[in-house]
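Hydrogens, waters and symmetry mates play no part in the numbers below; they use all other heavy atoms, side chains included.
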Amino acid sequence: MFLDFILANFVLKIARMKLKNNKILITGATSGIGRELANRFCQLNNQIIAIGRDETKLEELAKFDNRITSFKCDISSKSDLDQLITYLKKEHKDLNVLINNAGIQYNETLLDKTYNLQKIENEIRTNLTSPIKLITSLIPVLQKNSNSAIVNVSSGLAIVPKAKSAVYCGTKAAIHMFSKSLRYQLNNVKVFEIIPPMVDTKMTEGRGKGKISPKRLVDEFLKAYKNDTYEINIHKVKLLRIINRISPKIADRIMKGVAI
């Protein structure tokens, strides 16, 4: 049994990810990282299923390229998520790549009066439970198709948290560990994790300096993706992980002082 496991993983690593001729589902596809992923994968001749909450932006995406199919869905809504899963299983049985990109962050502390239980629920559902439900529901579809993969977008805050956004940090840490465990479970579906620093998107608007562009993130991701690098540390996260490995106390001190 152990030998079978070793051989299965060896074969999986030999067959590197193909960047063309895939059918790729991207959540949070209408802006930021998701939009850049959709654009770039289209350029590489893939079919895209774009998921988002903004119907107008989804229509714009579909008009941008006829290889993009849009589907309006708030993944934090159980009924919306159920409808999406039913649609995918019926209409897109050849789906072979799932990218969980959608996420929300409230840049607040639990002591802030504006931060309430509903916001906590929104963050946990969007960032953690809904992606897990989507993955679990679509594993049978992905397993039937070749060159299949799951890509989860976490955060450098999954490695070392900051003072604000404790729930966001917690959900991303959970996705990080979930991705590792899932990687152990699946022999014929590859599990990737994008671990970015602060990216210049609508979510981080008005906060911080030194943000990277979605384009730079996707550049680094694609290079690592095609080489089967499963944990993809983007830009400054590489340094953060080195510091955390050498001295967790220093890493904690750095991030504790980050107010953004």
Side-chain angles (χ1 to χ4, degrees), residues 12-13 15-52 61 64-65 67-68 75 95-105 126-127 131 134-135 138 142 147-159 168 171-173 175-180 182-183 186 189-204 208 210-242:
L12 193 63
K13 287 189 176 184
R16 299 218 167 165
M17 291 305 299
K18 298 175 183 177
L19 298 184
K20 298 181 179 181
N21 302 317
N22 301 288
K23 178 169 281 189
I24 304 170
L25 171 69
I26 304 174
T27 66
T30 57
S31 63
I33 297 169
R35 178 63 185 259
E36 185 65 26
L37 284 166
N39 291 348
R40 297 290 287 281
F41 274 118
C42 271
Q43 292 172 16
L44 291 167
N45 196 31
N46 295 282
Q47 295 182 60
I48 308 297
I49 306 169
I51 308 300
L61 255 183
F64 170 75
D65 195 298
R67 289 167 293 190
I68 298 178
I75 66 165
L95 176 74
N96 68 312
V97 179
L98 165 61
I99 301 180
N100 286 301
N101 165 71
I104 58 172
Q105 177 187 155
T126 304
N127 300 341
L134 190 57
I135 288 168
L138 294 180
L142 297 171
N147 197 49
S148 58
I150 296 165
V151 181
N152 294 325
V153 179
S154 67
S155 168
L157 298 175
I159 311 303
Y168 177 85
T171 59
K172 292 303 183 179
I175 280 292
H176 172 62
M177 287 301 176
F178 171 78
S179 298
K180 292 188 74 168
L182 186 63
R183 195 175 298 127
L186 301 179
V189 179
K190 297 179 181 180
V191 180
F192 295 84
E193 180 188 3
I194 302 174
I195 311 176
M198 185 175 283
V199 182
D200 190 10
T201 65
K202 186 176 180 180
M203 188 175 76
T204 66
K211 292 182 277 191
I212 68 167
S213 67
K215 180 182 183 303
R216 177 160 184 177
L217 181 148
V218 175
D219 284 342
E220 291 193 31
F221 161 66
L222 289 175
K223 183 178 179 180
Y225 181 67
K226 70 180 180 181
N227 289 321
D228 280 358
T229 302
Y230 296 131
E231 284 192 6
I232 305 171
N233 301 300
I234 304 293
H235 193 44
K236 293 179 181 179
V237 173
K238 298 183 181 76
L239 178 59
L240 180 63
R241 296 202 78 161
I242 292 171

In the structure I gave you, are the side-chain heavy atoms of [X] and [Y] within less than 4.5 Å of one another anywhere?
X	Y	value
V199	P214	yes
L134	N100	yes
I135	L182	yes
L217	E36	no

Can you see which heavy atom on [X] is nearest to which on [Y], and at what distance?
X	Y	answer
H176	A158	CB-CB, 4.0 Å
I234	I212	CG2-CD1, 3.6 Å
I26	I48	CD1-CG2, 4.0 Å
N147	N22	ND2-OD1, 2.7 Å
R183	V191	NE-O, 2.8 Å
I24	L95	C-CD1, 4.1 Å

Problem - Verdict with supporting geometry, K18 and K226, side chain to side chain contact (heavy atoms under 4.5 Å, CB included) - result: CA-CA 7 Å; K18 298 175 183 177; K226 70 180 180 181; over 6 Å; no
Could you give the distance from [atom1] ([X]) to [atom2] ([Y]), rounded to the nearest 0.5 Å?
X	Y	atom1	atom2	value
I194	I175	CD1	CD1	12.5 Å
Y168	M203	OH	CE	4.0 Å
L222	Q43	CG	CD	9.5 Å
F41	L19	CZ	CG	6.5 Å
Q47	L25	CD	CG	12.5 Å
T201	M198	OG1	CE	8.5 Å

Do [X] side-chain atoms and [Y] backbone N/O form a donor-acceptor pair below 3.5 Å?
X	Y	result
N46	K23	no
K211	T204	yes
S155	K172	no
D200	S213	no
T171	N127	no

Problem - Donor-acceptor pair between S179 and N152 side chains, under 3.5 angstrom - result: yes
Practice task
Report yes or no: do N21 and N45 form a side-chain donor-acceptor pair below 3.5 Å?
Solution key: yes
Does this structure show an ion pair linking [X] with [Y], if we count only N-O contacts that are shorter than 4.0 Å?
X	Y	answer
E220	K238	yes
D219	K223	no
R241	E231	yes

Practice task
Tell me, with the steps shown, if V153 and I195 meet side chain to side chain contact (heavy atoms under 4.5 Å, CB included).
Solution key: CA-CA 6 Å; V153 179; I195 311 176; over 6 Å; no
Practice task
Please list, chain by chain and in numerical order, all residues satisfying ring pair (Phe, Tyr, Trp, His ring centres under 6.0 Å) with F192, sequence neighbours excluded.
Solution key: Y225, Y230
Practice task
Any chance you could lay out the side chain to side chain contact (heavy atoms under 4.5 Å, CB included) test for R216 and F221, step after step, and finish with the verdict?
Solution key: CA-CA 9 Å; R216 177 160 184 177; F221 161 66; over 6 Å; no
Handout entry: With D65 via side-chain contact (heavy atoms from CB on, under 4.5 Å) - residues at least two apart
Key = C42, R67, I68
Practice task
Please assess I150 against K190 for the test side chain to side chain contact (heavy atoms under 4.5 Å, CB included), listing each intermediate value before the final yes or no.
Solution key: CA-CA 6 Å; I150 296 165; K190 297 179 181 180; over 6 Å; no
